[in-house]
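To find a chain, count down the sequence lines: A is the first, B the second, and so on, and within it residues start at 1.
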There are 2 protein chains.
Amino acid sequence: MPYHLGFGPLHRYGFYKRYGFRTTQARQVILDVFYNCKEHLSAEDIYLKIHKKYPGISLTTVYRTLEILNRLGIIEKHDFGDGRARYELAHHLCKKGHHHHLVCSGCGKVIDYDDLVDKETDFIKTIEEHLSKRYRFKITGHLVQFFGMCPECSKKGK
Amino acid sequence: MPYHLGFGPLHRYGFYKRYGFRTTQARQVILDVFYNCKEHLSAEDIYLKIHKKYPGISLTTVYRTLEILNRLGIIEKHDFGDGRARYELAHHLCKKGHHHHLVCSGCGKVIDYDDLVDKETDFIKTIEEHLSKRYRFKITGHLVQFFGMCPECSKKGK
DNA sequence: CTTGATGCAAATATTTTGCAGAGTC
DNA sequence: GACTCTGCAAAATATTTGCATCAAG
């Protein structure tokens, strides 16, 4: 089977067509950023990352694409309290696997921790089951963040 | 002991002076709102709530007061994903006690749940201890939210 | 009377939208 | 060729700031 028809990175764009969106260059490039980056990116981060190579892609398009990817569950939108939304590949697509966030209030640094995954998974499952029964919610997601001061910021007494 | 000198609601304003802020009418009124309200209020909500009775208090002052109260740990700032910050009395001052949030993605409704408190507290404590050791963070807080669709929105297929 | 608090207007910052032209299928 | 996607400019929204004035201590 020719390489370009095989399974691999190329297939990631299939999401767009499958849900009735057209597969444009901008949308491919933006999705690639997520597959090639482990950080939590804001809309502007993404715009700046691709702007040198693709000056034709505007910030507006970045926002519109992020909206689509978020609604399709391909990326997750986070708020770390710095006034701008940040995005990363959804955990089911992400090599990093399921993790939560530890945010430094001093410098804004975010650590993806996946320690005690079993305990976390168990906790989430138990609570989700309980809440969905008790309040008859169809639970679609959760957010667990811890925040505090990283060693560097603690020293500086920020 | 005369009532007005006894322990009670009057003492809540002591926070301001104790931390070097002046106790102004605006600051008293805004803090009262939190003691008299169980909802999660945005800056504008608060402004509108007090505006009829105190038309002299501006939205700017509301923002500035919220900043102070938040930094003193008297109120907690939350983001429920609707683009504006929302505030409520900190859990140690709040009759409602420690609770987390269940947010409906359809209509934005927020349920304060305090079911399974013991399990939650235990979970938080374990993770906090682990993270503070492993990453040498001084943990100051956490955020646990579940989101999904409430029964009404599920029906409407929003 | 000194210093901090406030209102107003204007600035910022992020995200959204209208519309005409370009690109995908 | 139909209909979607895009860039640009402008709007919308939330929050912050400069500054002259006012008020608490």
Side-chain angles (χ1 to χ4, degrees), chain A residues 10 13-33 40-72 74-87 108, chain B residues 10 13-33 40-72 74-87 108:
Chain A
L10 289 179
Y13 313 129
F15 279 111
Y16 290 116
K17 197 181 285 180
R18 190 178 315 157
Y19 289 96
F21 296 100
R22 291 187 176 165
T23 307
T24 65
Q25 185 196 47
R27 286 170 182 173
Q28 293 176 38
V29 169
I30 292 168
L31 188 49
D32 281 341
V33 171
H40 311 89
L41 301 164
S42 68
E44 198 181 2
D45 290 338
I46 293 165
Y47 173 75
L48 292 175
K49 253 182 195 299
I50 61 180
H51 187 256
K52 211 177 261 177
K53 201 160 171 191
Y54 302 94
I57 300 177
S58 73
L59 185 57
T60 305
T61 294
V62 173
Y63 273 108
R64 286 194 269 227
T65 303
L66 291 174
E67 160 87 22
I68 291 172
L69 291 173
N70 186 227
R71 279 162 54 150
L72 293 185
I74 294 164
I75 60 175
E76 287 167 9
K77 186 174 183 177
H78 294 290
D79 182 315
F80 297 133
D82 66 344
R84 63 185 64 188
R86 297 185 171 275
Y87 303 81
Chain B
L10 289 178
Y13 312 130
F15 279 111
Y16 291 117
K17 198 182 286 181
R18 190 178 315 156
Y19 289 96
F21 296 100
R22 291 182 178 169
T23 307
T24 65
Q25 185 195 47
R27 286 171 181 172
Q28 293 177 37
V29 169
I30 292 167
L31 188 48
D32 281 341
V33 171
H40 310 89
L41 301 164
S42 68
E44 198 181 1
D45 289 338
I46 293 165
Y47 173 75
L48 293 174
K49 254 181 196 299
I50 62 181
H51 186 255
K52 214 176 259 176
K53 201 159 171 192
Y54 302 95
I57 300 176
S58 73
L59 185 55
T60 305
T61 294
V62 174
Y63 273 109
R64 286 195 269 227
T65 303
L66 291 174
E67 160 86 22
I68 291 173
L69 291 173
N70 186 226
R71 281 166 50 155
L72 294 186
I74 294 164
I75 60 174
E76 287 166 9
K77 186 174 183 178
H78 294 289
D79 183 315
F80 298 133
D82 66 344
R84 63 185 64 190
R86 296 186 172 274
Y87 303 80

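Spacing between atom OH of A/Y16 and atom C1' of C/dG23 amounts to 16 Å, rounded to whole angstrom units. Note: CG (B/N70) to P (D/dT15) measures 12 Å, nearest angstrom. Distance B/R22 CZ to D/dC22 P: 16 Å, rounded to the nearest Å. Atom-to-atom, CD of B/E67 to P of D/dT16 comes out at 7 Å; the value is rounded to the nearest Å. The OH atom of B/Y54 sits 17 Å away from the C1' atom of C/dT6 (whole-angstrom rounding). Look at OH on B/Y19: it is 16 Å from P on C/dA5, rounded to the nearest Å. In this structure, the CZ atom of B/R27 is 14 Å from the C1' atom of D/dC22, given to the nearest Å. Regarding B/R84, its CZ atom lies at a distance of 15 Å from the P atom of D/dA12, rounded to whole Å.
Contacts of residues 43-51 of chain B with DNA chain C (heavy atom under 4.0 Å): none.
Closest to the side chain of A/T60, out of C/dC8, C/dT17, D/dT6, is C/dT17.
For the atom pair A/H40 NE2 and A/D45 CG, the distance stands at 11.5 Å (nearest 0.5 Å). For the atom pair CD1 (A/I74) and CG (A/L66), the distance works out to 11.5 Å, reported to the nearest 0.5 Å. One distance of note links CD1 of B/I46 with CD of B/E44; it measures 11.0 Å at 0.5 Å rounding. Going from atom CD1 of A/I57 over to atom OG1 of A/T65 covers 8.0 Å, rounded to the nearest 0.5 Å. A distance of 7.0 Å separates CG in B/N70 from CD in B/E67, rounded to the nearest 0.5 Å.
Looking at which nucleotide of DNA chain D each of B/T23 and B/Y63 is closest to, the 5′-most match is held by B/Y63. Looking at which nucleotide of DNA chain C each of A/R64 and A/L59 is closest to, the 5′-most match is held by A/L59.
In this structure, A/T24 reaches the sugar-phosphate backbone alone: every heavy-atom distance under 4.0 Å involves primed, P, OP1 or OP2 atoms, never a base. Counting non-hydrogen atoms under 4.0 angstrom, A/G83 reaches the backbone sugars and phosphates but no base. Counting non-hydrogen atoms under 4.0 angstrom, B/S42 reaches nothing in the nucleic acid.
Ring geometry for A/H51 versus A/Y47: interplanar angle of 30 to 60°, hence tilted.
Each of B/T23, B/D32, B/T24 was checked for a side chain to side chain donor-acceptor pair (under 3.5 Å) with B/Y13, and the lone residue meeting it is B/D32.
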